[in-house]
Number of protein chains: 2
Amino acid sequence: MNVTIKDVAKLANVAPSTVSRVIADSPRISEKTKKKVRQAMKELGYHPNFIARSLANKSTQVIGLVMPSSADKAFQNPFFPEVIRGISKAAHEKKYALQMSTGESEEDIYDGVIEMLQGRRVDGVILLYSRINDKITKYLQKNGFPFVVIGKPHKKTEQITHVDNDNYRAAREATEHLVQLGHERIAFVGGNLNYMVTVDRLLGYEEALKNAGLPYRKEYIVHEEFLKEGGQEAMKELLSLEEPPTALVVADDLMALGVLNTLDEMNLSVPDDISIVSFNNVLLSELSRPPLTSVDINIFQLGYEAAKNLIQKVENPNEPIKRIIIPHTLIKRCSCGYYRKKRG
Amino acid sequence: MNVTIKDVAKLANVAPSTVSRVIADSPRISEKTKKKVRQAMKELGYHPNFIARSLANKSTQVIGLVMPSSADKAFQNPFFPEVIRGISKAAHEKKYALQMSTGESEEDIYDGVIEMLQGRRVDGVILLYSRINDKITKYLQKNGFPFVVIGKPHKKTEQITHVDNDNYRAAREATEHLVQLGHERIAFVGGNLNYMVTVDRLLGYEEALKNAGLPYRKEYIVHEEFLKEGGQEAMKELLSLEEPPTALVVADDLMALGVLNTLDEMNLSVPDDISIVSFNNVLLSELSRPPLTSVDINIFQLGYEAAKNLIQKVENPNEPIKRIIIPHTLIKRCSCGYYRKKRG
DNA sequence: TTGTATGCGTTATCAG
DNA sequence: CTGATAACGCATACAA
């Protein structure tokens, strides 16, 4: 069998409890015995058993990550590796481990999360998305499990600790950037409206139009999957309008890439014929042609703060509800140009 | 406190051990008492505690994922979400949970993996990468922990269960495709040579050249990070050669995107001036311009098989060593063209 | 400062 | 078919 606290105790000539205290670095143990015990641990190659500790402790030092269902296209988005990197950093600092939800359907994931929590596999969870009428959110709230969401919760927003960008303002500013370049016909290409982030960005876009005195045109608002087919459809529709847009606000870099692809097939040039500003500033926004002007939302930080705050919540149940806004920056690259009255 | 097996036992008027057997659906319990007990569980909203079970069982039903260090650029590669999706599927099917390594440096991750295993947090691990002289691999082997690697292990390959593509053949075929299009000056743009996958692809490329009777030119082989800067450097070098290549084998889609970007800045057209075939066939190979001809390596399947086989190993220590090769397919899109003697 | 005894929630071993 | 009882490895209240 494996070497346990008892073996160490025996070798060091102390009681198991003493060994336990040495592990916890309890101040009420003399340096002398600490040294002795540690020596014994080294000799035996002792490693504390987390499982046993968790059982005694009622705390696992593990936090759960709830992803959108893996069948979801969103899963392919580079957003996720990057938030996880941030989460991972904070978790590592506080010596927490990370556990991921599995399951392809929403239902599977829901069940999985319940098991995670009720089965005491994790101390709390981070929702890596925020969607409308989310069952999991409701469940977590009802049962008082520690959790934080990345994004803006749909309901009871002020009762849920969350880490978000000011997507409303970010979208407004992105749109204003296009307005300042002289564009008056600006369309919005968004993702699934079930995600709060899409909603906020759409609202910000609308606000900017209003502020600029530009008309709101229903036909300028399209929601699609980011895949090629979706992008093609969307662009065809937009370009077949009597007054096609000269600029686009695209809610996600990956989607923007699809749009670029479609525009290219139609022999339209960015930014000469159409300007594009998108969101997230993931690696590929720099690698695309032209490199995309994109709103950097600081994905890493989003994850980092989420994990940090969840851990605080877990370790101190009285931790107040928080709303943390991560700053964004518009990164200007090459996908936006001045509106030129005369166009090819 | 939470509802335990004892509470259920009390309510159902049976012994705790009986409840335990009902949970395990033991055949030696009468249907009648099973029903009674299950009823009690429902009433109390009972959920088994995994931690306690693990302690008694000496099995956690959790598998650990070892990522390359998150500081590594590789982390940004869409390869990872996709393997994880595959792993997740297999894990879910067998009711295993997933735990991720954290840590930015190689050293951090090494320590984390040791903790995971020695601390009995996981039953086994999957290495999501394979690099040369990997400490973790050595450690796992020496200590007899169940693990499988995705990719080809550097050393003692036949002693380690691994799931891989035939990257050698895949690269040879990719290169042959270019040869068949009439190209004679074919360069190789690869990633870090510490990763086995890079090595194999390079070897396959070389083999194809040899078979085609084309000269091996050292100056045609470049290794770079996939970022824009790297791509630019690489292309500048290649194009400043006396006889610049007319085609490229690029070891990764993301890198190919960087190359496309750079070529575009240099006003070179793909595939008219230069043909490109790359690897992995991740989503963005379809979204790029032109859409990339890419070798589909079935990333999902790679993950799925890895998890499936690890679980077999965990559940049956006598499971034989396996080497599983996942098939690949060349997906022809628009980044390759015939070599035209006269070029602009 | 250290040791003893008990509990954490299950499973497993024996009886019956 | 079912019930006591002892692990599993560690933490902690209470003693000393």
Side-chain angles (χ1 to χ4, degrees), chain A residues 1-38 40-41 44-62 95 115-123 315, chain B residues 1-38 40-41 44-62 95 115-123 315:
Chain A
M1 200 32 46
N2 236 278
V3 31
T4 79
I5 216 174
K6 286 184 190 171
D7 304 318
V8 177
K10 216 166 285 173
L11 181 59
N13 267 319
V14 295
S17 53
T18 302
V19 178
S20 173
R21 289 184 186 113
V22 173
I23 294 172
D25 201 20
S26 159
R28 3 180 279 187
I29 296 285
S30 74
E31 275 308 319
K32 200 172 121 200
T33 48
K34 273 189 188 172
K35 233 162 244 168
K36 193 172 59 179
V37 169
R38 289 197 180 115
M41 301 200 307
L44 298 175
Y46 169 78
H47 287 266
N49 182 319
F50 282 104
I51 299 297
R53 174 181 293 188
S54 295
L55 187 60
N57 259 352
K58 292 168 160 321
S59 126
T60 60
Q61 303 255 107
V62 179
K95 297 191 182 304
E115 274 212 353
M116 257 191 198
L117 288 160
Q118 301 280 16
R120 294 292 181 269
R121 287 223 222 218
V122 300
D123 292 338
E315 298 186 342
Chain B
M1 204 29 48
N2 238 278
V3 31
T4 78
I5 219 174
K6 288 183 187 169
D7 304 317
V8 177
K10 215 167 284 174
L11 181 60
N13 264 320
V14 295
S17 50
T18 302
V19 177
S20 174
R21 287 192 266 257
V22 172
I23 294 172
D25 201 18
S26 157
R28 2 180 280 187
I29 297 282
S30 75
E31 274 310 318
K32 201 172 122 202
T33 48
K34 272 190 188 174
K35 230 162 246 165
K36 194 172 57 178
V37 169
R38 289 197 179 116
M41 299 200 308
L44 298 176
Y46 169 77
H47 288 266
N49 182 320
F50 282 104
I51 299 297
R53 174 179 292 185
S54 296
L55 187 59
N57 259 351
K58 294 167 160 321
S59 126
T60 60
Q61 303 254 108
V62 179
K95 296 190 181 305
E115 274 212 354
M116 259 193 194
L117 287 160
Q118 301 279 17
R120 295 291 181 268
R121 288 223 219 216
V122 301
D123 292 337
E315 297 186 343

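Computed over heavy atoms, backbone and side chain alike; hydrogens, waters and symmetry mates excluded.
- Closest of all the heavy-atom pairs between A/Lys95 and A/Gln61 is O-NE2, 3.5 Å.
- For DNA chain D, the neighbouring residues in residues 44-57 of chain B, judged by any heavy atom under 4.0 Å, are B/Leu55, B/Ala56.
- Within residues 6-27 of chain B, the residues having any heavy atom closer than 4.0 Å to DNA chain C are, in order of number, B/Ser17, B/Ser20, B/Arg21.
- At the phosphate of D/dG9, OP1 or OP2 sits under 4.0 Å from a side-chain N or O atom of B/Lys58.
- Nearest heavy-atom pair, A/Gly45 versus A/Val3, reported as atom, atom and distance to 0.1 Å: O-CG1, 3.8 Å.
- Nearest approach of A/Arg121 to A/Thr60, heavy atoms of both residues: O-OG1, 3.5 Å.
- Note: CZ (B/Arg120) to P (D/dC8) measures 14 Å, nearest angstrom.
- Nucleotide D/dA13 holds its P atom 9 Å from the CZ atom of A/Arg28, rounded to whole Å.
- Under the 3.5 Å distance criterion, the side-chain polar atoms of A/Lys58 are left unmatched by any main-chain donor or acceptor of A/Arg120.
- Taking atom CE of residue B/Met41 and atom P of nucleotide C/dG9, one finds them 17 Å apart after rounding to whole Å.
- The distance between atom CZ of A/Arg121 and atom C1' of C/dG9, rounded to the nearest whole Å, is 15 Å.
- The number of heavy-atom neighbours closer than 6.0 Å to NZ of B/Lys10, taken from other residues, nucleotides and ligands shown, is 12 or below.
- At whole-Å resolution of the value, CD1 in B/Ile5 and C1' in D/dT5 are 14 Å apart.
- Taking all atoms of both residues into account, the shortest heavy-atom contact from A/Tyr46 to A/Ile23 is OH-CD1, 3.5 Å.
- Every residue two or more places apart in sequence or in another chain that forms a side chain to side chain contact (heavy atoms under 4.5 Å, CB included) with B/Lys6 is listed here: B/Thr4, B/Pro16.
- Pairing each heavy atom of B/Ser54 with each of A/Ile51, the nearest pair is CB-CG2, 3.7 Å.
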